[in-house]
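Shown next, in structure tokens, is the structure this report addresses.
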Amino acid sequence: MISLSGLNPQQRQAAETVEGPVLILAGAGSGKTRTLTYRIAHMVDNLEIPPSQILGVSFTNKAAKEMRERVHSLLGRRKSKGVTLSTFHSLGVKILKSEITKLGYHRNFSIYDTTDQMSIVREALKLYKADKNFDRKIVLSKIGYLKNRGISAEDFANTRHFNGDDPYDIATEYVYHFYQDKLRFYNAIDFDDILFLVVKLFKEFPDVARTWSEKFQYIMIDEYQDTNTLQFQLTLGLTLAHNNLCVVGDDDQSIYAFRGADVSNILGFEKNFPGAKVVKLEENYRSVMPVLSLANHVIKENKNRREKTLWSKKQSSNLPELWLTGDTDHEAQAVVEDILKHQSDGGHLGDIAILYRSNTQVPPLEDELRMSQIPYTIVGGQKLYERKEVKDLLAYLSVIHNPADQMATRRILNVPARGIGTATLNKFLEKSQETKLDLFETMRQHANLASGKFNSINEFTSLIDWSRTIFAERPLPEAIGLLVERIDFFSYIDKSYDNAKQAERRRNDIMFFIDSAERFLKYKGPKASLEDFVEKVLLQDSQDKRDEEDEEDDDVRKNEVTLMTLHSSKGLEFRQVYLIGMEEETLPHKKTVKEGEDIGEERRLCYVGITRAQDKLVMTYCKERQLFGKKTPRNPSRFVFTLMDKDLFIHKDVTSFGHLSVEEADA
DNA sequence: CTTCACGCAGTTTTT
DNA sequence: CTGCGTGAAG
Ligand SMILES: Nc1ncnc2c1ncn2[C@@H]1O[C@H](COP(=O)(O)OP(=O)(O)OP(=O)(O)O)[C@@H](O)[C@H]1O
């Protein structure tokens, strides 16, 4: 029996209202996620609702994982096991895996990332000859924009989004069709398709939607302010058979508008789900009052927001601080030095987070942390599967699993070099187009197409066939190992880099990749399939080293500092937070300052950052910053600059403080 | 077909 | 400063 005494009366009411729509709209740290996790525990343990009927969705992997851990610690591993806790995207893939044939794709579809998408768009634009040179990034983002609003290539021209006078729209029209045709031919879908196709499926086959809706009788969605049109429609589909939907969010923390997120989903919840019980929470249990005051002042400036009261019982005599530092290296030094002090005072490093606007701010921090031997982890950032060699290997796996995957086939065709270049490739591409046979099959059946390449082509196709057998017979990590051996991948890597250090790093990436297959096998058991593994890697389902093994220290953070972007920090909390790069053109990012006034989202980002801190908050900005290799003078962010003399934080000039950098010492 | 060199464009944020 | 894409030479 789970006791709900850990909740305040409002929270408790939300947790106990299990039937019908419920909305919790409340500020940061007011216990929204906590309420959700107790609600799940309550349903399973007290109401004896079968866990398999419960679905908890969130937006990012981090948030999903956080939720899983919290539910674990309430219910214990055994009882929480059957509860589905995932992101929208992994839920989408799960649904597509079992239903996609209805849409004319095959079950073994590949999932394409931005690089693959770009290549296809590039090809399309090459074919779409025009005097103007189109930027494929713009075209691709238009396609993504459309998809996230549920608009297909066929519909585009008939929507208000289409402007017949805009050459880009006309180009996009063409490219979108081409792109979608190719994906289908390659039996591949992109990230946006994951949700787009589920929605399409639900629309065209209402009974399928109904089946899924019946499976998940109780649905909870965290960070609901970040849902976009597609996710909203998906939600509608999942609630076809009932209206047991509990959503949780904060319009002040909506930070994914660039991805189509639409706050009107949460603000209009009562309209969309009539009879919804609305719960407001006003007590913040996370932060100390001075931190919260600053946060409240920062967010107050935004227009079009729901006013909220937010207060905390936790007092503190320490105000947040804003440090002026020299340059990015010095900023990193100042932060690291402060962390060292914390460490020598016996502080735990797991209590500390360094947050920043963009991943480009990481390198100086990494250098300093390494030099000071402070353990740290970076969340997000350079992803394992984005490293070139890992992508290559992943492409092998994709072709083995889905031979129709042309992008993957082309990627590995000449990696390692087999003497099959563009000339040969083009011959096969032509043939493939002509016969409607996929590229791989074309090579198998018409190996003699390119004179002199007969042997190389044959070797390639039989390599893949051989691999398929291996992967069917051997455990995953072993099979990958054998493949790496067979293509002599390590020698290929060594040959590709004259710098021995680089080559070693790349080899390590591969080793790490095999390691993660090993962990995957351990976690999944012997039935761990190639397909599941690839999916997991692509969805970033588990990008950090530690997997489900170490059960007991689930709620104990490791003794290491956490580095992440403001975006990935949402929903988390740390005793001590360093919010670096509080500068104009960094926190209100340059791009948003230039393009009209959508500063509101940047301000919310700042709000999110501040409200991650429980006890201590340090914000830093630089006097100057290396930009494109040039020193550029910087100014403090307007978000705090305008609050300078209100005693909300202490402004410190630390430029003359701390270790001198090597250059300064030499000077 | 591979390799190398040069010019350039780009730096949000995530699945 | 880097990392990519293009083009010419080997
Ligand atoms: N009723 C309560 N009693 C004690 N602690 C609470 C209570 N409610 C929430 N907390 C604590 O407050 C902190 C913030 O809670 P939680 O993360 O659920 O807030 P949230 O509203 O989801 O925040 P955010 O909007 O930032 O995601 C957590 O440490 C949580 O354990």
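Small disclaimer: the values here were computed from a predicted structure and weren't measured. Quick note on labels: first sequence line is chain A, next is B, and so on, each numbered from 1.
Side-chain atoms of A/Ser119 and A/Asp116 include no donor-acceptor pair closer than 3.5 Å. A donor-acceptor contact closer than 3.5 angstrom links the side chains of A/Asp405 and A/Ser110. For the residue pair A/Gln406 / A/Tyr186, a side-chain donor-acceptor distance below 3.5 Å is found, with atom types taken as modelled. Defined by atom type and a distance below 3.5 Å, a donor-acceptor pair is missing between the side-chain atoms of A/Tyr621 and A/Glu331. In this structure, a donor-acceptor pair under 3.5 Å is present between the side chains of A/Tyr376 and A/Glu366.
Stacking annotation: A/Phe258 is stacked on the base of B/dT13 (ring centroids less than 5.5 angstrom apart, interplanar angle below 30 degrees).
A/Ser568 has no side-chain polar atom (N or O) that falls below the 4.0 Å cut-off from OP1 or OP2 of B/dT13.
Among the nucleotides B/dT14, B/dT2, B/dT15, the one closest to any side-chain atom of A/Asn414 is B/dT2. When the nucleotides B/dG10, B/dT2, B/dT13 are ranked by their closest atom to the side chain of A/Asp135, B/dG10 comes out on top. Between B/dT14, B/dT15, B/dT13, one nucleotide has an atom nearer to the side chain of A/Tyr256 than all others, and that is B/dT14.
Side-chain rings of A/Tyr492 and A/Phe489 approach one another, their centers coming within less than 6.0 Å.
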- Query: Taking protein heavy atoms under 4.0 Å as touching, what does nucleotides 1-10 of chain C look like 5' to 3' if B marks base contact, S marks sugar-phosphate-only contact and - marks none?
  - Reply: B---SS----
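Here A/Asp192 lies out of heavy-atom contact (under 4.0 Å) with every strand.
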